[in-house]
Engineer: 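Before anything else, here's the structure in question.
The figures that follow rest on heavy atoms only: side chains count, while hydrogens, waters and symmetry mates do not. All ligand and atom numbering here is 1-based and tracks the order in the structure.
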Amino acid sequence: MKVLFVTSEAKPFIKTGGLGDVAQDLPIELKKQGIEIKVIMPKYSLINNKYLEKMNYVGHKYMNLSWRKKYIGVDYLNFRGIDYYFIDNEYYFNREKIYGEFDDCERFAFFSKGIYEVLDIIDFKPDIIHCNDWHSGLVPVYKDFYEINPKIIFTIHNLRYQGVFGKENIEDVLGLNKNEYFNKNSLEFNNAISFMKGGINYSNLITTVSKSYVEEIKTEEYGEGLDGLFREYSWKLKGILNGIDKKEYLPHKSKNNKKLELQKKLGLEENLKIPIISIITRLDRQKGLDIIIENLEEILSKNIQFILLGTGDKKYEDYFYNIGKKYKKNTSMNLFFNEKLAKEIYEGSDLFLMPSYFEPCGLSQMIAMNYGTLPLVREVGGLKDTVEAYDEFKNTGTGFSFKNYSGEELIKILNYALEVYRDKKRWNEIKKRAKKEDNSWSHSAKEYISLYKKALTSF
Ligand code: ADP
């Protein structure tokens, strides 16, 4: 079975969030399980030079996008046994950031249509095209214009970002007929065009990244305006949980040493007795930052240390920066992106805070557990599916959790977790179970393969 995996980001080339991890790890596991897979993504100038330099030019041509005629080139790199193809166009991808540009509509329409244009250059006839998030939402739409007929799987990693643009783009940029493509069953959404709707309406099967999130997006609260569509499409919607690459996050022998090293590195008191509470995240409302902030000064007044690693919304960056200044002694606010430091924090901390408002899957909680750092999460989406709440009577569970999106519930469970922390025996038992959780990709990759088979036989 030949699969083309289409993504807007992939580690180690470029990553802004969980999709970048998934786009590296899932193809590797699929290949291991016998799938012939190739990954295709934009060639951003922001990709680390050490990879850009190793890429080989494969070919180029000119393609039409509405009235435009655009250069489209392809570069190639094999990394960890996987074939990666990079769509090259300097005008579109030589930018300061990878998303959030004035012409994202045009850039990702070009990318999505370009997938078909380059199939002959890369000499690959996929049976399945596996698309991810809105950036490749038009891939199933443009299929109508090409002769090949692969089945298309569309995976939603985060429904919040939908790729919604003004309706004037439909003909002028996308080159699609207004009468045919601008209606509710096609791309129209609130009198604008939605790439996400393209992915949902035109693919053969849709997946999202946890079983709980599948149910949540069918409700008004989490459906981001598309809940009706998901209820209607229940039959083609499936939840497949993400995994992590356990080899990438191998714990060291002594967690205590790692904790002391971390405290030293970040200028905190080197003391094993003080619990370290950490957060590593995009600074976005989604991640439950408001209910953390509601309680943060109370938390910081306890005998704990607080570490944050994150970038994003300026409002949050400013807030954490200022709080860090006020509580110099027991906080470390790191307002940047750094994967090495992320690992050190995951490993050296005791408690990992992730009280998301919504969470399609979430990888951070799994990474933390793998290092024996206990997650404290809100019971939502993938967090609910991966963290089992500690039950002191049965002595079961792998972390701590609470139900409602409320600061009060958060602080209550945090206080409880800190109380359990003081009982080393109990804490270590939970740690042991958390570390043992099998969050590897092997099971989920099998589920994708059976879905590919279903797409090939049912349509
Ligand atoms: P999302 O995809 O919503 O951002 P996930 O939990 O699925 O959330 O994935 C986030 C990934 O990004 C994790 O691998 C996490 O460690 C990483 N990450 C987030 N912020 C940072 C940062 N500032 N520095 C390093 N890694 C980060």
Engineer: My understanding is that only one of F358, Y357, Y222 makes a ring-ring contact (aromatic ring centres under 6.0 Å, His included) with Y405; could you say which?
Structural biologist: Y357
Engineer: State plainly whether the residues E347 and K258 are in salt-bridge range, i.e. N to O under 4.0 Å.
Structural biologist: no
Engineer: Counting each atom of ligand 1 from 1 as listed, which ones have a heavy atom of G17 under 4.0 Å away?
Structural biologist: 2 (O), 4 (O)
Engineer: Which residue supplies the protein heavy atom nearest to atom 6 (O) of ligand 1, what is that atom called, and how far is it?
Structural biologist: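 Ranking protein heavy atoms by distance from atom 6 (O) of ligand 1, first comes L363 N, 2.9 Å.
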Engineer: Cation over ring, K302 on F306, under 6.0 Å and within 45°?
Structural biologist: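 No, a cation-pi geometry is absent between K302 and F306.
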Engineer: List every atom of ligand 1 that sits less than 4.0 Å from any heavy atom of I367, numbering the atoms from 1 in the order shown and giving each element.
Structural biologist: 14 (O)
Engineer: Any ion pair linking R378 and E359 (charged N to carboxylate O, less than 4.0 Å)?
Structural biologist: no
Engineer: Report, in ascending order of atom number, the atoms of ligand 1 lying under 4.0 Å from any heavy atom of G18.
Structural biologist: 1 (P), 2 (O), 4 (O), 7 (O), 9 (O), 10 (C)
Engineer: Heavy atoms only: which of T281, V209, N242 lies closest to atom 19 (C) of ligand 1?
Structural biologist: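 Answer by nearest heavy atom: T281.
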Engineer: Do me a favour and list the nearest non-hydrogen protein atom to atom 11 (C) of ligand 1 with residue, atom name and distance?
Structural biologist: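 Here the nearest protein heavy atom works out to D21 OD2, 3.7 Å.
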Engineer: Name the residue from F165, F111, Y161 that meets the ring-ring contact (aromatic ring centres under 6.0 Å, His included) definition with F195.
Structural biologist: F165
Engineer: Among all protein heavy atoms in this structure, tell me which lies nearest to atom 17 (C) of ligand 1, with the distance rounded to 0.1 Å.
Structural biologist: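 The protein heavy atom lying closest is K15 NZ, 3.8 Å.
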Engineer: Salt-bridged, E317 to K314, with N to O below 4.0 Å?
Structural biologist: no
Engineer: Taking the ring centre of each residue, are Y84 and F13 less than 6.0 Å apart?
Structural biologist: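 They qualify: ring centres under 6.0 Å apart.
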Engineer: Compute the centroid of each ring, for Y99 and then for H135, and state whether the two points are separated by less than 6.0 Å.
Structural biologist: yes
Engineer: Enumerate the atoms of ligand 1 whose separation from the nearest heavy atom of F336 is less than 4.0 angstrom.
Structural biologist: 22 (C), 23 (N)
Engineer: Under 4.0 Å, counting heavy atoms only: does C361 come that close to any atom of ligand 1?
Structural biologist: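 No; C361 lies far enough from ligand 1 that no heavy-atom distance drops under 4.0 Å.
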Engineer: Among protein heavy atoms, which lies nearest atom 13 (C) of ligand 1, and at what distance?
Structural biologist: S364 OG, 3.8 Å
Engineer: Who's the nearest protein heavy-atom neighbour of atom 8 (O) of ligand 1, and how far?
Structural biologist: K287 NZ, 3.1 Å
Engineer: Quick one: look at N338 and ligand 1, take heavy-atom pairs under 4.0 Å, and tell me if it's side chain, backbone, both or neither.
Structural biologist: backbone
Engineer: Which heavy atom of the protein is the closest neighbour of atom 22 (C) of ligand 1, given with residue, atom name and distance?
Structural biologist: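 Among all protein heavy atoms, the one nearest atom 22 (C) of ligand 1 is F337 CD1, 3.4 Å.
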Engineer: Tell me whether the rings of F352 and Y346 are parallel (<30°), tilted (30 to 60°) or perpendicular (>60°).
Structural biologist: tilted
Engineer: Below 4.0 Å from ligand 1: does a non-hydrogen atom of H157 turn up there or not?
Structural biologist: no
Engineer: Give me the residue, atom name and distance of the protein heavy atom closest to atom 4 (O) of ligand 1.
Structural biologist: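 Result: R282 NE, 2.8 Å.
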Engineer: Can a donor-acceptor pair be found between the side chains of H130 and Y448 at a distance below 3.5 Å?
Structural biologist: no
